[in-house]
Number of protein chains: 2
Amino acid sequence: MKADGRSRRETSRPMSKPEPVDPGPVEVFAALGDPTRLSLLTKLSDGQTRSIAALSADTKLTRQAVTKHLHVLEHAGLVKSIRVGRESQFGYRPGPIVEARSYLDRVSAQWDEALARLKALVER
Amino acid sequence: MKADGRSRRETSRPMSKPEPVDPGPVEVFAALGDPTRLSLLTKLSDGQTRSIAALSADTKLTRQAVTKHLHVLEHAGLVKSIRVGRESQFGYRPGPIVEARSYLDRVSAQWDEALARLKALVER
DNA sequence: TTGACAGGCAACCTTTTGGTTGCCTTTTTC
DNA sequence: GAAAAAGGCAACCAAAAGGTTGCCTGTCAA
């Protein structure tokens with residue numbers, strides 16, 4: 001049932017921006033788990049904003065295929081798009097990557113602790 | 001082009017274990033991009049090794065479903081299994097997570113550099 | 001030695017995913 | 001104002017993913 005995620009909390013804030021609120025790590029990892037999308041993202045992470053046509057240029061895929069991938073990335077909050085004139089410019093959004101990284105950090109940390117405990121136990 | 005990553009090195013070792021050689025970040029991210037698998041992995045990252053039955057216990061899924069997920073994780077190098085007696089024990093393998101993290105680090109780094117350059121340019 | 005427990009294997013099913021083609025709308029540009 | 005460039009939308013398709021059931025093989029314990 002997915003738990004609204006915007007119901008409680010933020011009671012004080014003046015109801016300002018909707019702010020896509022990047023989804024959990026699972027969706028982010030899923031979005032990264034495709035070669036096309038990963039390369040699109042790393043390309044965009046250079047800070048430059050690009051049109052769909054530009055991004056489709058160097059893949060063998062159709063423009064529509066690329067479009068779909070971009071939407072997946074956008075849904076995961078990894079990328080944002082704004083329509084400017086006749087083209088929509090896609091740009092990198094750092095948030096989810098940072099979160100994903102810290103998620104992995106926590107996993108690693110748990111592992112390291114476990115190792116440390118084991119070591120301590122053995123050396124005792 | 002990806003650079004084998006296991007070609008040189010180990011020339012001296014007597015052709016011992018194939019050593020799964022964890023696959024690229026894409027496969028790792030794909031493996032993490034599923035709620036069941038992510039929770040299996042975080043569970044295992046406490047360093048304890050668990051049987052399939054034990055891991056299936058607290059999910060609503062079938063044992064076989066869990067088995068499949070474990071194999072996906074194993075293929076991605078995130079987990080290893082050894083058969084002990086009548087049960088196979090699954091354990092965490094830290095390598096790929098570390099790699100994945102450093103991949104995200106590089107993406108973040110590229111983004112940060114881009115930002116810095118932009119800032120420098122503007123403030124000039 | 002006979003259950004019961006743990007797991008492998010395979011067939012099968014449904015939904016999702018990744019991709020395509022075709023066509024229509026909106027901006028540019030000449 | 002008409003052609004071209006950029007995209008959106010929708011239908012459609014094949015393959016992969018996620019899951020289930022059924023059955024067979026080892027292994028442990030009584």
Side-chain angles (χ1 to χ4, degrees), chain A residues 1-2 20 23-44 48-92 96, chain B residues 20 23-44 48-92 96:
Chain A
M1 270 302 105
K2 208 58 174 53
V26 177
E27 193 173 344
V28 173
F29 287 135
L32 297 175
D34 173 279
T36 306
R37 285 194 297 263
L38 196 55
S39 88
L40 283 172
L41 190 72
T42 57
K43 199 155 298 176
L44 286 176
Q48 290 200 324
T49 182
R50 289 170 178 82
S51 73
I52 295 182
L55 287 168
S56 310
D58 40 1
T59 63
K60 279 160 292 267
L61 301 178
T62 325
R63 175 179 58 85
Q64 277 81 352
V66 173
T67 302
K68 284 194 188 176
H69 283 301
L70 286 171
H71 284 151
V72 173
L73 288 173
E74 190 169 25
H75 243 100
L78 288 160
V79 114
K80 64 181 178 310
S81 76
I82 49 172
R83 194 70 188 268
V84 41
R86 72 174 147 182
E87 59 190 18
S88 46
Q89 291 287 336
F90 279 80
Y92 180 79
Chain B
V26 175
E27 194 174 343
V28 173
F29 288 135
L32 298 176
D34 173 280
T36 305
R37 285 196 296 262
L38 197 55
S39 88
L40 284 173
L41 190 73
T42 57
K43 199 155 299 174
L44 286 176
Q48 289 200 324
T49 182
R50 289 170 179 83
S51 74
I52 295 183
L55 289 167
S56 310
D58 40 0
T59 62
K60 277 159 293 267
L61 301 178
T62 326
R63 175 179 57 85
Q64 279 81 350
V66 173
T67 302
K68 285 193 188 178
H69 283 301
L70 286 172
H71 285 152
V72 172
L73 288 173
E74 190 169 25
H75 243 100
L78 289 160
V79 115
K80 65 182 177 312
S81 75
I82 49 172
R83 194 71 188 267
V84 40
R86 73 177 145 181
E87 58 190 18
S88 47
Q89 292 287 335
F90 279 80
Y92 179 78

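Values reported hereafter were calculated over all heavy atoms of this structure, with side chains retained and with hydrogens, waters and symmetry mates removed. Within every chain, numbering begins at 1; the chains are lettered A, B, ... in the order of the sequence lines, protein sequences first and strands thereafter.
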Q. In Å, rounded to the nearest 0.5 Å, how long is the span from OH of B:Tyr92 to CG of B:Leu40?
A.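 Here the rounded value is 13.5 Å.
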
Q. What integer distance in Å separates A:Arg50:CZ from D:dA6:C1'?
A.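 Atom CZ in A:Arg50 sits about 17 Å away from atom C1' in D:dA6.
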
Q) Which whole-number value in Å describes the distance from A:Glu87 CD to D:dA4 P? A) 19 Å

**Q.** Contact nearer the 5' end of DNA chain C, comparing A:Gly33 with B:Ala54
**A.** B:Ala54

**Q.** Pairwise 5' ranking along DNA chain C for A:Thr36 and B:Gln89, keeping only the more 5' one
**A.**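 Of the two residues, B:Gln89 wins.
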
Q: Extract, from 5' to 3' on DNA chain C, the first and final nucleotides lying under 4.0 angstrom from some heavy atom of chain A.
A: C:dG18 to C:dT28

Q) Is there side-chain contact between A:Thr67 and A:His71, with at least one heavy-atom pair below 4.5 Å? A)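 The answer is yes; the side chains approach within 4.5 Å.
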
(Q) In the structure I gave you, are the side-chain heavy atoms of A:Leu78 and A:Leu32 within less than 4.5 Å of one another anywhere? (A) yes

Q) Residues in side chain to side chain donor-acceptor pair (under 3.5 Å) with B:Glu87, at least two apart? A)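 So B:Glu87 forms a side chain to side chain donor-acceptor pair (under 3.5 Å) with B:Gln89.
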
Q. Of all of residues 59-70 of chain B, which get a heavy atom below 4.0 angstrom from DNA chain D, listed by number?
A. B:Leu61, B:Thr62, B:Gln64, B:Ala65, B:Lys68, B:His69

Q: Would you indicate, yes or no, if D:dG18 has its OP1 or OP2 atom less than 4.0 angstrom from a side-chain nitrogen or oxygen of B:Arg37?
A: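 Yes, within the criterion.
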
Q.
Quick check on D:dG8: is either OP1 or OP2 less than 4.0 Å from any side-chain nitrogen or oxygen of A:Ser88?
A.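 Result: yes.
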
Q: Could I get the full list of ring-ring contact (aromatic ring centres under 6.0 Å, His included) partners for A:Phe29, not counting sequence neighbours?
A: none

Q: Please identify each residue that fulfils ring-ring contact (aromatic ring centres under 6.0 Å, His included) with A:Phe90, with sequence neighbours left out.
A: none

Q. Do side-chain atoms of B:Arg50 reach the backbone of B:Gln48 as a donor and acceptor pair under 3.5 angstrom?
A.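 Checking the backbone N and O of B:Gln48 against the side chain of B:Arg50, a donor-acceptor pair under 3.5 Å is found.
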
Please set out all donor-acceptor pairs under 3.5 angstrom arising from side-chain atoms of residues 55-63 of chain A, sequence neighbours excluded.
residue: A:Ser56; atom: OG; partner: A:Ile52; partner atom: O; Å: 2.7
residue: A:Asp58; atom: OD2; partner: A:Lys43; partner atom: NZ; Å: 3.0
residue: A:Thr59; atom: OG1; partner: A:Ser56; partner atom: O; Å: 3.2

